[in-house]
*Asks:* 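Handing you a structure now.
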Amino acid sequence: MTNNNEYKSFNIDQFYKKYLKGPIIFKNRNALAPSYIPVELPHRDKEIEEIAGKTACALRGDTPPNMLCYGMTGTGKTATIRYVSHKIAQHTKTNVPWWIYINCSIISTPYRILAHIYNTIIGSEKIPPTGLPKDVIFKNLLGLLDYKIKDSICFLVLDEIDMIANGRGGNEILYDLTRLNENLDSCRTSLIGISNKLKFKDSLDPRVISSLGKDHITFPVYNAKELGDILDKRAKIAFNDDVLKEGVISLCAALAAKEHGDARKALQLLRKAGEIAERFQNKNVSREHVNKAQFELERDHTIDYIKGMPLQAQLVLTSIYLLSLYNKNNVIISGDVYEIHSELTNKMPGVRSLTRRRISDYINNLVLAGIITAEKKSMGKYGATKIIKLCDDPSFLGKILESIDKIKEGLNHSPSLIQKNKIRINNNVFRKLN
DNA sequence: TATCCACAGGAAATCAGGGTGT
DNA sequence: ACACCCTGATTTCCTGTGGATA
């Protein structure tokens, strides 16, 4: 926009015209969406059979056992449950069972779980997001279940159940939910927990394990060939004929198989590859599109994650970024991060500085998100620390941080540690590492 | 070999901000 | 207005930890 002669604006009308004239890649792109329920689920026969076996008694009005489903992300746990629920509904004429899905990573507190179940059944937001005592909601819920789901079954599917099991009051709510039936007259409930952490059972109360953990189904990861089959079937629905070039599906499958056989990832890759081909108005989707898709997915995920982080987390990351600028080895220690963070927050009105303990948590979250790595290291006399490294190129990170208004200014901050030329302990760290 | 540094990270308490019914 | 509730973020308190150093 600096030079009026050279500036050429994006012509949106022309773009749409060209788009509509261009090649049509997708027939039904929804078939690659995570929410899509396919007509058949390849390579999940054993799991379908097990779940169908355990839930079949609902057709005759009996109470199915509570159960747990284990498996890594993208192994088809949720898809299988949804699939079975559809099938059950097809085979019932009266008293169709209710299925209430609760994603515990979003609906993550005991109160909200109860409120969500209640509001789903009644079909409105009658229970407010906060304010009422839990036991009041619990009592209301019992009454509602008996009144509205008379003589039928209500399946409560708790997806990512591990998110609440170790939180405050997590065991209590799970215990209450497993014991719902004892307080109900005509309605019956059945709990299905879904977890991708095999070890999560350890954090459960023995009382909960005794009623929830008896029946469990483990979902194995898909291998590359199985992923290929899944993609093949979906691709036939999603793409127009002859759009996919040779080797596209096998590449998606191979890339996803590397990441513990994650079918969701494989489908995402295929979809993104298609979208990239579409964007460039190409007639076919090629292996290059898949590689580009892989790159873009990772990049998009990082950008979205960082932009969505709370301000304090962004400031912790900014501190790490600033240190990395002055540090060729890309080696940063937690103590320095704490100091820079304090300096940054002192300059920002309305933003308070945090304790070391809290910074430590934020650092751990950044590790979980794959933005940094942190390795615990003892330096003997010089204490212990975490050696932090950025996973991505610092300039890439810099661009993201610069696009966040509140952070922008902080990027000009020159850390006093650097000014005083005293990245004290770092010197010791370098000596050890080199 | 004992000491000791500078932090890690678990558990519980606290606070502020949203809400409720009476 | 009041007593009470729930939640997420944070602090406070605390017990490890591992290897360089005296």
Side-chain angles (χ1 to χ4, degrees), chain A residues 102-119 124-141 160 162-174 176-177 199-200 202-205 308-317 319-320 323 331-342 344-346 348 350-369 372-389 406 417 422-434:
Chain A
I102 301 148
N103 187 336
C104 300
S105 68
I106 296 163
I107 301 163
S108 57
T109 68
Y111 180 98
R112 290 197 191 134
I113 288 173
L114 291 174
H116 177 80
I117 297 171
Y118 189 100
N119 289 338
S124 73
E125 300 290 309
K126 200 174 168 206
I127 303 277
T130 173
L132 298 172
K134 273 196 296 273
D135 53 332
V136 171
I137 304 181
F138 195 75
K139 248 182 224 160
N140 286 346
L141 179 62
E160 303 201 43
D162 46 291
M163 297 296 286
I164 53 164
N166 35 22
R168 218 186 334 187
N171 268 306
E172 264 62 41
I173 181 69
L174 289 178
D176 288 344
L177 290 177
K199 275 196 149 187
F200 113 95
D202 298 347
S203 55
L204 286 180
D205 193 306
M309 289 193 310
L311 179 63
Q312 288 287 17
Q314 290 171 339
L315 284 168
V316 171
L317 182 59
S319 310
I320 296 172
L323 283 165
V331 173
I332 298 140
I333 66 163
S334 44
D336 286 350
V337 175
Y338 165 73
E339 290 204 17
I340 307 296
H341 179 272
S342 298
L344 282 175
T345 49
N346 283 338
M348 297 174 77
V351 183
R352 61 170 166 175
S353 45
L354 301 174
T355 54
R356 281 194 151 73
R357 180 70 191 81
R358 190 73 189 112
I359 300 285
S360 170
D361 281 342
Y362 277 121
I363 290 175
N364 287 342
N365 284 339
L366 290 170
V367 172
L368 279 179
I372 60 171
T373 62
E375 192 194 339
K376 266 203 254 178
K377 191 111 192 165
S378 173
M379 294 177 300
K381 183 91 178 149
Y382 299 102
T385 186
K386 268 187 166 177
I387 310 252
I388 298 164
K389 292 184 185 183
K406 286 186 180 166
L417 286 175
K422 62 163 212 178
I423 314 183
R424 315 134 300 165
I425 302 151
N426 269 5
N427 295 327
N428 290 305
V429 175
F430 290 148
R431 216 190 304 149
K432 276 179 70 76
L433 290 176
N434 295 333

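So you know, we letter chains A, B, ... as the sequences are listed, proteins then strands, and number each from 1.
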*Asks:* Can you find a side chain N or O atom of Y338(A) that sits less than 4.0 Å from OP1 or OP2 on dC7(B)?
*Replies:*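 No, Y338(A) has no side-chain N/O under 4.0 Å of OP1/OP2 on dC7(B).
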*Asks:* Could you tell me how far apart M379(A) (CE) and dT17(C) (C1') are, to the nearest whole angstrom?
*Replies:*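 Between C1' of dT17(C) and CE of M379(A): 13 Å.
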*Asks:* Is a side-chain N or O of S108(A) found less than 3.5 angstrom from the main chain of S105(A), in a donor-acceptor match?
*Replies:*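 Answer holds: no.
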*Asks:* Any side-chain N or O of R356(A) under 4.0 Å from OP1/OP2 of dC7(B)?
*Replies:*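 Yes, R356(A) has a side-chain N/O under 4.0 Å of OP1/OP2 on dC7(B).
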*Asks:* Please report, rounded to the nearest Å, how far the C1' atom of dC5(C) is from the CZ atom of F138(A).
*Replies:*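 My rounded result for the distance is 18 Å.
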*Asks:* So if I define the base as every atom that isn't primed, P, OP1 or OP2, how would nucleotides 16-22 of chain B read as a B/S/- string at a heavy-atom cutoff under 4.0 Å?
*Replies:* --BBSS-
*Asks:* Round to a whole Å and report the spacing from CD1 of I107(A) to P of dT7(C).
*Replies:*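 These atoms are roughly 13 Å apart.
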*Asks:* Measuring from N365(A):CG to S360(A):OG, what's the distance to the nearest 0.5 Å?
*Replies:*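 One finds 9.5 Å between CG of N365(A) and OG of S360(A).
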*Asks:* For a quick test of reading the model: is some side-chain N or O of K386(A) closer than 4.0 Å to OP1 or OP2 of dG9(B)?
*Replies:*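 Looking at the OP1 and OP2 atoms of dG9(B), one of them is under 4.0 Å from a side-chain N or O of K386(A).
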*Asks:* Rounding to a whole Å, what distance do you find between I387(A):CD1 and dA8(B):P?
*Replies:*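 Checked: the CD1 to P distance equals 11 Å.
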*Asks:* If you measure only the distance, is there a donor-acceptor pair under 3.5 Å linking the side chains of T385(A) and S334(A)?
*Replies:*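 Yes, side-chain donor-acceptor contact under 3.5 Å.
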*Asks:* Round to the nearest Å and state the distance from L311(A) atom CG to dA9(C) atom C1'.
*Replies:*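 After rounding, the reported distance stands at 13 Å.
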*Asks:* By nearest heavy atom, map P133(A) and S108(A) onto DNA chain C; which one lands nearer the 5' end?
*Replies:*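 Closest to the 5' end, via its nearest nucleotide, is P133(A).
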*Asks:* Ignoring backbone atoms, establish whether R358(A) has a side-chain N or O less than 4.0 Å from OP1 or OP2 of dT10(C).
*Replies:*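 So the side chain of R358(A) is within the cut-off, an N or O lying under 4.0 Å from OP1 or OP2 of dT10(C).
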*Asks:* Kindly point out which of dT10(C), dC6(C), dT17(C) is positioned nearest to the side chain of Q312(A)?
*Replies:*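 The nucleotide sitting nearest to the side chain is dT10(C).
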*Asks:* Is the shortest side-chain N to carboxylate O distance from K139(A) to D135(A) below 4.0 Å?
*Replies:*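 Judged by the 4.0 Å cut-off on N to carboxylate O distance, K139(A) and D135(A) do not form a salt bridge.
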*Asks:* With rounding to the nearest 0.5 Å, note down the distance linking OH in Y362(A) to CE in M309(A).
*Replies:*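 Going from the OH atom of Y362(A) to the CE atom of M309(A) covers 9.5 Å.
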*Asks:* So, does N364(A) get its side chain near the phosphate of dA8(B), meaning an N or O under 4.0 Å from OP1 or OP2?
*Replies:*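 N364(A) to dA8(B) OP1/OP2: no side-chain N or O under 4.0 Å.
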*Asks:* What are the two closest non-hydrogen atoms of L114(A) and F138(A), and how far apart are they?
*Replies:*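 Where L114(A) meets F138(A) most closely, the heavy atoms are CD2-CD1, 3.9 Å.
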*Asks:* Nearest whole Å is fine: how far is dC4(C) C1' from I137(A) CD1?
*Replies:*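 Going from CD1 in I137(A) over to C1' in dC4(C) covers 14 Å.
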*Asks:* Is the phosphate of dA6(B) approached by S378(A) (side-chain N or O, under 4.0 Å from OP1 or OP2)?
*Replies:*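 No.
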*Asks:* Checking contacts here: which listed nucleotide (dT12(C), dT10(C), dC7(B)) is nearest the side-chain heavy atoms of R357(A)?
*Replies:*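 Per side-chain heavy atoms of R357(A), the pick is dT12(C).
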*Asks:* Looking at dT10(C), I'd like to know if its phosphate oxygens (OP1 or OP2) sit under 4.0 Å from a side-chain N or O belonging to S353(A).
*Replies:*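 S353(A) to dT10(C) OP1/OP2: no side-chain N or O under 4.0 Å.
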*Asks:* Atom CD1 of I387(A) and atom NZ of K376(A): how far apart are they, to the nearest 0.5 Å?
*Replies:*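 Result: 13.0 Å between the selected atoms.
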*Asks:* Round to a whole Å and report the spacing from OH of Y362(A) to C1' of dA8(B).
*Replies:*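 These atoms are roughly 18 Å apart.
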*Asks:* How many Å lie between CD1 on I106(A) and P on dG8(C), as a whole number?
*Replies:*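 So the two atoms are 13 Å apart, to the nearest Å.
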*Asks:* To the nearest 0.5 Å, what is the distance between CD1 on I359(A) and CD1 on I340(A)?
*Replies:*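 These two atoms lie 11.0 Å from each other.
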*Asks:* Can you identify which nucleotide, out of dG8(C), dC7(B), dC5(C), has its nearest atom closest to the S334(A) side chain?
*Replies:*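 Output: dC7(B).
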